Every structure is written in structure tokens, then in C-alpha cells.
Peer 1: 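This is the structure, below, for whatever I ask next.
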Amino acid sequence: MSRARIRPMDLARGLAVLFMVMVHTLWLYGTPTLNNSVFAAVIRFLGGAPSAPVLMFLMGTSFMLSRRSTLKGSLRRGCTLFFMAYVLNFLRGTLPASVGLRLSVISLGDIFVPPATLLWVVDVLHFAGLALILLALIRRFLPQPVIWLIMAGAIAAGSPWLWGRTSGWPPLDWLLTFLWGATSTVFFPVFPWLCYPLTGMAFGYWLAASTDQERLFKRAARIGLTLLFVGTAITLTRPAFHIGDYWRSGPGAVVWLIGFVLLWLFGCCWLIKRVPTNPFFHLLYSWSENVTVFYCFHWMIVTWGAIVVGYQKQELPAVILLMIAAAAATGLLTRIWVYWRTRWLPFPRSAGGP
């Protein structure tokens with residue numbers, strides 16, 4: 001496996017964004033009955049554990065493996081991602097919602113909040129930008145991977161006691177929203193989601209030093225299996241507290257999810273070793289290499305598409321076709337963007353993004 005491109009990571013990252021397309025397409029287009037079916041439960045699982053936690057874990061891993069992850073470059077990249085989050089909120093939320101309401105193809109009940117409120121949703125790009133800044137500072141001033149794991153454990157244990165806490169001072173409360181906000185428009189608070197890139201950063205540290213990457217993935221799988229059992233045991237003590245609502249999971253669920261990520265990465269490594277290279281793998285690799293662009297395009301496609309096909313009006317066959325169409329359209333737009341960027345905007349890509 002190449003140090004430059006570690007294919008199990010590329011496969012896991014490519015699958016993660018594919019599952020995001022699937023779960024968001026189902027959510028926006030599938031009827032309420034379909035969204036409560038067994039099919040939906042499977043799609044939601046794929047859009048859960050193997051998706052955002054994997055992406056955030058690999059964000060930390062890639063940050064450690066990249067030679068371009070300087071402090072200055074990472075701080076600049078983090079600020080760029082944070083700004084991009086608001087641009088994306090407007091293009092995938094406020095603008096299509098306003099158009100849909102004006103055309104009467106969606107209702108205010110469909111989007112739950114006024115279009116202007118969608119601009120302030122805290123989503124994965126906000127978290128990724130802040131996390132990248134924090135990772136850069138942590139690596140500079142606390143360069144020991146054991147400390148990163150201790151910090152991840154402390155964040156997982158302490159997060160439930162912080163969610164929703166405010167100071168009463170609006171400027172500070174605006175910042176606290178990103179750290180541990182608990183409103184319906186905060187999807188990726190730093191606490192507890194920083195646990196995943198922190199553990200991913202430790203994994204990346206040991207991966208960069210490894211002379212046998214496959215052996216390291218096997219060792220990670222054994223640790224992951226142990227964490228699955230430990231996380232399950234902790235969660236069973238207080239299931240509602242530890243499981244939470246996915247966006248704000250308790251320590252038991254966080255431990256379980258980190259264990260799952262490690263097993264999932266080993267599964268991708270095992271799959272690549274046993275399945276001959278094929279066009280589907282290459283497609284996922286290309287999505288992985290341009291994951292931020294792919295993520296942004298997929299959201300714009302599925303939200304604007306709801307204006308065309310209707311909000312939660314499609315049955316299973318149509319939803320499956322729309323999943324394929326959304327993934328294909330996102331991949332095509334990503335390729336066009338990369339083609340245009342490499343010819344007209346020839347600047348190097350910064351590492352460490354989501």
C-alpha cells in the first residue's frame with residue numbers, strides 16, 4: 001500500500017460519501033412510510049456509523065499523513081472550511097427553500113424552520129473547519145498521541161454535561177453553539193465529535209511510522225473489536241443516555257463508534273486485498289480524493305432536486321433511481337470542477353479537510 005494514497009482509507013472515505021448521498025436522498029424524497037421501513041433503517045445505518053464518524057476519523061488520520069499539514073496552512077484551511085459552511089448553507093438550504101416556498105412545491109412544515117434560519121445551521125463543514133484548527137494547535141503544543149487519546153476520552157465523558165449550556169452573553173453563546181449547542185439546528189457540535197479526528201490523528205501517527213501497514217490495520221481491528229464490546233457494555237448501563245441522538249452521543253456510543261471505525265477500516269483493507277481492482281473502486285477513490293467538493297455538490301443536488309420531484313413523495317423504486325442519479329450527478333459535477341480547477345486555478349490542495 002502506498003504511503004501517498006492508502007487505498008483502504010480511500011475506499012472507506014468514498015463509501016462514506018456514497019452512503020451520505022443515499023441517506024439524504026431517502027430523507028428528502030422518500031414518503032414518510034418509506035422513511036419508517038426496514039429499507040430505511042438499513043440506509044440510515046449506512047449513513048450513520050460508516051459515514052460521518054469514518055470521515056471525521058480519517059480527517060485526523062490524513063492530517064497526520066500529509067506533508068502539507070503545516071500550522072499556518074491548517075489554520076487557513078480551517079477558516080476556509082468554516083466560511084464555506086455558510087456558503088453551502090445558503091446554496092443548499094436558504095435559497096432552494098425560498099424558491100420552493102415561492103413556487104408552492106414545498107411548505108414551511110416540510111422544512112420545519114424559516115429559510116433564513118437554515119443559513120445558521122451548524123453542520124459538518126463548520127465542525128471540520130473548527131476541528132482542523134484545533135488539531136493543528138493540539139499537534140503543535142501537545143505532540144504526544146497518548147495525550148490525544150486521553151483528550152478524546154475526556155471529551156467523550158464530559159460532553160453530555162456540557163450540551164446546551166450557555167453563558168447569557170450573546171457573543172460567547174454564539175461560540176458555545178459550535179462547541180456544545182443542543183438546538184435542532186446544531187448537527188455536529190465539537191463536543192463530542194472531536195473524539196473521532198483526535199483518535200484518527202493518533203492512528204495516523206502510528207500509521208506513518210509503520211513499516212507494515214496491513215499488520216497495523218489488523219491490530220487496529222482487534223482493538224476495534226474490544227472497543228465494540230466495551231462500548232456496548234457501557235451503553236447497556238444507561239441506553240438512552242449513552243446512545244443519545246447520533247449528533248450528541250454519550251461516551252458508550254462514542255467508544256462503540258470508534259471501535260466500529262477501526263473494524264470498518266480493516267474490512268476495507270481486507271476487501272482490497274481480495275477483490276481485484278475494478279471501476280467501482282476507482283470511482284470511490286476519485287470521490288475520496290475530492291471529498292469536500294463531492295460533499296458540497298451532493299447537498300445542492302438533493303435539496304434542489306426536492307423542488308423538482310417533491311418533498312417526501314417518492315416510493316421505493318423511484319427513491320433507488322434517485323439515489324443512483326444523485327450520486328452520478330454529484331460525481332460528474334465533481335469531475336467538472338476538478339477539471340476546471342486544475343486548468344484555471346492551479347493552486348495546491350491543502351490536506352486535512354473532511
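Keep in mind the model is a prediction, meaning the values are calculated, not measured. Below, all heavy atoms of this structure are taken into account, side chains as well, without hydrogens, waters or symmetry copies.
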Peer 1: For this output row, return yes or no: ring centroids of F217 and F203 closer than 6.0 angstrom.
Peer 2: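 Yes, ring centres under 6.0 Å apart.
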Peer 1: When T25 is tested against each of I324, I301, V302 for side-chain contact (heavy atoms from CB on, under 4.5 Å), which residue passes?
Peer 2: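 So the option named by the test is V302.
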Peer 1: With clusters defined by side-chain heavy atoms of hydrophobic residues (ILVMFWY) lying less than 4.5 Å apart, directly or transitively, does F45 cluster with V54?
Peer 2: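 Looking at the clustering, F45 is in the same group as V54.
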Peer 1: Under a 3.5 Å distance rule, please check whether S210 uses its side chain to pair with a backbone N or O of L207 as donor and acceptor.
Peer 2: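 Side chain of S210 to backbone of L207: no pair is present.
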Peer 1: Side chains of R139 and S69: do they bring a donor and an acceptor to under 3.5 Å?
Peer 2: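 Side-chain D/A pair, R139 to S69: absent.
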Peer 1: Run the ring-centre check on F19 versus W287 and record whether the distance is less than 6.0 Å.
Peer 2: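 No, ring centres 6.0 Å or more apart.
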Peer 1: Is a donor from one side chain sitting under 3.5 angstrom from an acceptor on the other, for T31 and T33?
Peer 2: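 Not at all, the side chains of T31 and T33 share no donor-acceptor pair under 3.5 Å.
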Peer 1: Are V275 and F280 co-members of a hydrophobic cluster defined by side-chain heavy atoms under 4.5 Å apart?
Peer 2: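 Yes; tracing contacts between hydrophobic side chains, which count when under 4.5 Å, links both residues.
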Peer 1: First locate atom OG of S249, then atom CD1 of I243, and finally report the distance between them rounded to the nearest 0.5 Å.
Peer 2: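 One finds 9.0 Å between OG of S249 and CD1 of I243.
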Peer 1: For the CG atom of L198 and the CH2 atom of W193, what is their distance to the nearest 0.5 Å?
Peer 2: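 Going from CG on L198 over to CH2 on W193, the span is 14.0 Å.
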Peer 1: Can you tell me how far the CH2 atom of W340 sits from the CG atom of L333, to the nearest 0.5 Å?
Peer 2: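 Atom-to-atom, W340:CH2 and L333:CG are 13.5 Å apart.
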Peer 1: Hey, what do you get for CG (L119) to CZ (F90), rounding to the nearest 0.5 Å?
Peer 2: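 Reported to 0.5 Å precision, the distance equals 8.0 Å.
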Peer 1: Consider side-chain contact (heavy atoms from CB on, under 4.5 Å). Of L88, N89, V121, L81, which one does H126 pass it with?
Peer 2: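 With H126 as partner, L88, N89, V121, L81 yield a single side-chain contact (heavy atoms from CB on, under 4.5 Å), made by N89.
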Peer 1: Between R7 and E289, does any NZ, NE, NH1 or NH2 come within less than 4.0 Å of an OD or OE carboxylate oxygen?
Peer 2: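 Counted as a salt bridge, because a side-chain N and a carboxylate O are separated by less than 4.0 Å.
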Peer 1: Is the distance between the ring centroids of W256 and F260 under 6.0 Å?
Peer 2: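 Under 6.0 Å, so yes.
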